[in-house]
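Atoms within each ligand, like the ligands themselves, are counted from 1 in listed order.
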Amino acid sequence: MKKIAIIGAGISGISAAKLLAEDFDISVFEKESTIGGLIKCEDINGNLFHRVGGHVFNTKVKEVSEWFWKHFDKEKDFLQAKRNAKILLNNTLIDYPLENYLYQLDEKSFKKIMEELQELSKASGKKTYDNFEDFLKGSFGDKLYHLYFKPYNAKIWKTDLRNIPLEWLEGKLPMPDIEEILINNKMRKEEEEMVHATFYYPKKGGSQFIINTIAKGLKKIFTNTPIKSIQETTDGFILSGDRHFDKVVFTGDVRQLHSIYRGMGDDLTEALQSVKNLKSNGTSNIFCETDDNDISWLYLPDITKAHRIIYTGNFSSMNNQGSKRKTCVVEFSGKYSFEEMKEEIKMLPGNLTPLAYNYEPNSYVIHEKDTKEKINHLKNKLELKGFYLTGRFAEWEYYNMDKSIEASMNVRKKILKNS
Ligand SMILES: Cc1cc2nc3c(=O)[nH]c(=O)nc-3n(C[C@H](O)[C@H](O)[C@H](O)COP(=O)(O)OP(=O)(O)OC[C@H]3O[C@@H](n4cnc5c(N)ncnc54)[C@H](O)[C@@H]3O)c2cc1C
């Protein structure tokens with residue numbers, strides 16, 4: 001059997017390993033002490049802390065759905081929930097997504113925004129946008145942009161929205177339709193099409209349960225094993241100086257490859273250097289106890305530096321075993337200390353009591369005009385050598401878990417074809 005090394009044991013690496021294990025001798029290398037990457041969870045005195053976000057599962061991709069559910073007993077292991085997301089705007093709770101619930105705004109704002117949307121809907125022809133700001137203004141109008149989309153997105157992306165090209169959105173978010181927004185507001189229709197409108201969540205263990213279960217049966221997972229060097233040879237690769245593999249699947253941070261990858265012959269230096277300064281944002285999360293409510297996600301365009309609260313304690317009662325109250329995660333984009341976050345959450349509803357915190361330096365990839373081109377160029381060059389990039393930070397894609405799995409499926413197909 002040919003030997004394949006998988007670098008990284010997040011959902012991309014573990015899925016790739018599982019998918020390839022039937023045909024190849026697989027070894028997975030993970031620099032941290034636990035598998036999971038972004039979907040790792042931690043037990044805090046009996047409560048489940050999603051160290052980044054609050055991962056729920058959903059997919060519209062049939063192949064991913066079939067493969068994913070093969071690993072679980074859907075009824076026994078998972079709960080299915082309907083999204084109950086709200087926006088806290090000017091101290092009022094409004095249903096999410098805001099554009100469908102404009103009638104919940106005060107009457108004056110509602111009228112003005114509807115008038116603007118009606119004007120926009122009269123403009124004929126399909127519009128194309130160059131950047132994220134133009135897209136938001138053109139799709140929702142100036143008033144809604146300034147009321148909600150601008151402050152909310154500025155908190156998350158921490159960059160000029162005009163510098164974010166539109167291509168990063170393709171296939172990731174449903175494209176808004178002004179006619180539909182107008183009808184939804186006139187008919188007061190509930191939305192069903194949004195990402196995670198309904199979702200699955202493990203009864204116990206959150207997303208750590210997901211990754212641990214998928215990883216079952218993989219015999220060679222080496223944790224605490226950072227791959228610090230990759231030497232290309234005539235018949236494969238040598239990792240960290242002593243382990244030989246025929247092929248490599250890399251799911252780590254593509255920006256770091258220039259310092260660990262040593263090629264031969266065909267020069268990759270330029271392609272590796274071209275991606276070393278891609279921009280990303282980290283996320284700071286503070287895990288809290290909260291008063292009871294029935295919300296799943298609460299979006300926070302104003303009030304504080306935090307941009308949302310994820311009520312993970314509402315996803316499964318097993319997540320609050322150590323507390324009398326429910327638990328939740330308050331999320332900030334960028335680096336904040338525990339002390340700073342403790343101050344900020346005093347402004348939020350729910351009498352939040354902090355329990356723990358985490359800072360994850362890599363969470364949101366930021367696209368600039370030529371990012372996709374640079375990544376594709378590098379990917380193609382590496383694939384010719386038997387080195388595959390897959391995952392959120394290896395491909396610099398705004399993937400959810402299901403898209404990460406789909407990307408690993410595509411890598412498997414390529415490897416089988418090239419073997
Ligand atoms: C705030 C937030 C909320 C989210 N919520 C959801 C959600 O609700 N549902 C959903 O489906 N998706 C969600 N996502 C997306 C989801 O987290 C990602 O799609 C997925 O976790 C990406 O997995 P990955 O394996 O590609 O990357 P990662 O999880 O980053 O895994 C990469 C792994 O590689 C390891 N590594 C890197 N370099 C090396 C090296 N040199 N040697 C050894 N190991 C290395 C890292 O330690 C890490 O474990 C969310 C993301 C964020 C940021």
Side-chain angles (χ1 to χ4, degrees), residues 5-18 27-41 50-61 64-65 68 81 83 85 156-157 172 195-196 199-202 206-208 210-211 214-215 221-230 239-240 243 248-257 259-261 280-285 296-297 306-310 312 315 329-334 358-366 389-408 411:
I6 314 269
I7 302 178
I11 190 72
S12 300
I14 291 298
S15 307
K18 208 57 192 279
S27 300
V28 183
F29 299 100
E30 169 54 54
K31 66 177 176 179
E32 302 290 337
S33 57
T34 324
I35 65 168
L38 285 179
I39 71 171
K40 251 186 318 222
C41 300
H50 283 261
R51 292 171 59 82
V52 182
H55 285 81
V56 304
F57 181 77
N58 192 16
T59 187
K60 290 189 172 144
V61 186
V64 171
S65 176
F68 181 86
R83 171 184 196 127
I156 294 203
W157 300 105
K172 280 138 202 143
V195 181
H196 299 321
F199 59 85
Y200 289 94
Y201 187 84
S207 42
Q208 192 70 50
I210 293 180
I211 194 123
I214 295 178
I221 300 181
F222 304 98
T223 49
N224 292 315
T225 312
I227 296 301
K228 292 186 177 156
S229 71
I230 302 162
L239 265 52
S240 293
R243 309 176 205 227
V248 175
V249 176
F250 181 80
T251 73
D253 185 340
V254 71
R255 291 174 301 190
Q256 285 164 9
L257 269 186
S259 65
I260 54 178
Y261 192 99
S280 67
N281 279 333
T283 313
S284 302
N285 287 287
S296 43
W297 289 270
H307 63 86
R308 67 175 173 177
I309 306 179
I310 310 163
T312 46
F315 295 169
V329 176
V330 185
E331 194 176 271
F332 297 71
S333 186
N358 176 50
Y359 170 62
E360 168 55 52
N362 264 359
S363 50
Y364 291 99
V365 299
I366 297 177
L389 300 180
T390 193
R392 191 163 168 117
F393 299 100
E395 292 177 273
W396 217 254
E397 284 286 357
Y398 191 59
Y399 282 156
N400 265 339
M401 285 193 281
D402 66 321
K403 287 287 171 188
S404 300
I405 295 172
E406 189 183 23
S408 295
V411 161

K.L.:
Are Leu257 and Leu389 close enough, and set up right, to give a side-chain contact (heavy atoms from CB on, under 4.5 Å), and what steps lead you there?
P.N.:
CA-CA 10 Å; Leu257 269 186; Leu389 300 180; 3.8 Å; yes
K.L.:
Residue-level breakdown please: for Leu38 versus ligand 1, do any non-hydrogen atoms fall below 4.0 Å on the side chain, on the backbone, on both, or on neither?
P.N.:
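It is both parts that get close, each with some atom under 4.0 Å.
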K.L.:
May I ask you to establish whether Arg243 and Phe29 are in a cation-pi arrangement, using a distance under 6.0 Å from NZ or CZ to the six-membered ring centre and at most 45° from the ring axis?
P.N.:
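Here Arg243 fails the 6.0 Å and 45° test against Phe29.
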K.L.:
What part of Ser404 sits under 4.0 Å from ligand 1 if we count only heavy atoms: the side chain, the backbone, both or neither?
P.N.:
side chain
K.L.:
Of all the atoms in ligand 1, which lie at a distance below 4.0 Å from a heavy atom belonging to Pro226?
P.N.:
42 (N), 43 (C)
K.L.:
Got a donor-acceptor contact below 3.5 angstrom from the Arg51 side chain to the Asn285 backbone?
P.N.:
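Not confirmed, Arg51 side chain does not pair with Asn285 backbone.
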K.L.:
Ignoring angles and geometry beyond distance, decide whether Met401 reaches within less than 3.5 Å of ligand 1 through its nitrogen or oxygen atoms.
P.N.:
yes
K.L.:
Suppose I only count heavy atoms of Tyr364 and a 4.0 Å limit; which atoms of ligand 1 are within that range?
P.N.:
1 (C)
K.L.:
Report the part of Arg308 (side chain from C-beta onward, or backbone N, CA, C, O) that has a heavy atom under 4.0 Å from ligand 1; answer both or neither where that applies.
P.N.:
side chain
K.L.:
For Ser15, is there any backbone N or O sitting under 3.5 Å from a side-chain donor or acceptor partner on Ser408?
P.N.:
no
K.L.:
Any N or O of Ile11 that comes nearer than 3.5 Å to an N or O of ligand 1?
P.N.:
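Checking ligand 1 against Ile11, an N or O pair does fall under 3.5 Å apart.
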K.L.:
Quick one: which ligand 1 atoms are inside 4.0 Å of a heavy atom on Thr225?
P.N.:
43 (C)
K.L.:
Pick whichever of Val56, Val254, Asn400 has a heavy atom sitting closest to atom 9 (N) of ligand 1.
P.N.:
Val56
K.L.:
Are a donor atom and an acceptor atom from the side chains of Arg255 and Asn362 found within less than 3.5 Å of each other?
P.N.:
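There is such a pair (donor and acceptor under 3.5 Å, judged by atom type) between the side chains of Arg255 and Asn362.
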K.L.:
Please determine if Glu32 has a nitrogen or oxygen closer than 3.5 Å to a nitrogen or oxygen of ligand 1.
P.N.:
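Looking only at distances, the answer is no, because the N/O contact criterion of under 3.5 Å is not met.
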K.L.:
Which atoms of ligand 1 sit under 4.0 Å from any heavy atom of Ile39?
P.N.:
21 (O)
K.L.:
Mind checking whether Ile227 has an N or O less than 3.5 Å away from an N or O of ligand 1?
P.N.:
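Yes, Ile227 has an N/O under 3.5 Å of an N/O on ligand 1.
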K.L.:
Heavy-atom contacts with Phe393 under 4.0 Å: which atoms of ligand 1 show up? List them by number with element.
P.N.:
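By the 4.0 Å cutoff, the relevant atoms are 30 (O).
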K.L.:
Checking Ser65 side chain against Val61 main chain: does a donor-acceptor pair fall under 3.5 Å?
P.N.:
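The answer is no, because no donor-acceptor pair under 3.5 Å joins these two groups.
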K.L.:
So for ligand 1, is Glu30 a polar contact partner (N or O within less than 3.5 Å, distance only)?
P.N.:
yes
K.L.:
For Thr283, is the nearest heavy atom under 4.0 Å from an atom of ligand 1?
P.N.:
no
K.L.:
Any side-chain heavy-atom pair from Trp297 and Val56 closer than 4.5 angstrom?
P.N.:
yes
K.L.:
Need the ligand 1 atom indices (1-based, order shown) with element for anything under 4.0 Å from a heavy-atom of Gly252.
P.N.:
37 (C), 38 (N)
K.L.:
Answer yes or no: is there a donor N or O on one side and an acceptor on the other, between the side chain of Ser284 and the main chain of Gly334, under 3.5 Å?
P.N.:
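At least one qualifying donor-acceptor pair exists.
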K.L.:
Assess whether side chain to side chain donor-acceptor pair (under 3.5 Å) is satisfied between Thr283 and Ser363, documenting all intermediate values.
P.N.:
CA-CA 6 Å; Thr283 313; Ser363 50; 2.2 Å; yes
K.L.:
Which is it for Glu331 and ligand 1 at heavy atoms under 4.0 Å: side chain, backbone, both or neither?
P.N.:
side chain
K.L.:
Using a plain distance cutoff, I'd like to know if Ser363 has any nitrogen or oxygen under 3.5 Å from a nitrogen or oxygen of ligand 1.
P.N.:
no
K.L.:
Do you know the tightest heavy-atom contact between Glu395 and Ala407?
P.N.:
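Looks like OE1-CB, 3.6 Å.
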K.L.:
Taking only heavy atoms of Gly54 into account, list the atoms of ligand 1 that are under 4.0 Å away from them.
P.N.:
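Answer, ordered by atom number: 8 (O).
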K.L.:
Judged by atom type as modelled, is there a donor-acceptor pair below 3.5 Å linking the side chain of Trp396 to the main-chain atoms of Ile366?
P.N.:
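Yes; at least one donor-acceptor contact below 3.5 Å.
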K.L.:
Could you list the atoms of ligand 1 found under 4.0 angstrom from a heavy atom of Tyr399?
P.N.:
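What qualifies from ligand 1 is 15 (C), 18 (C), 19 (O).
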K.L.:
Among Ile11, Thr312, Ile39, find the residue that satisfies the side chain to side chain contact (heavy atoms under 4.5 Å, CB included) test when tested with His55.
P.N.:
Ile39
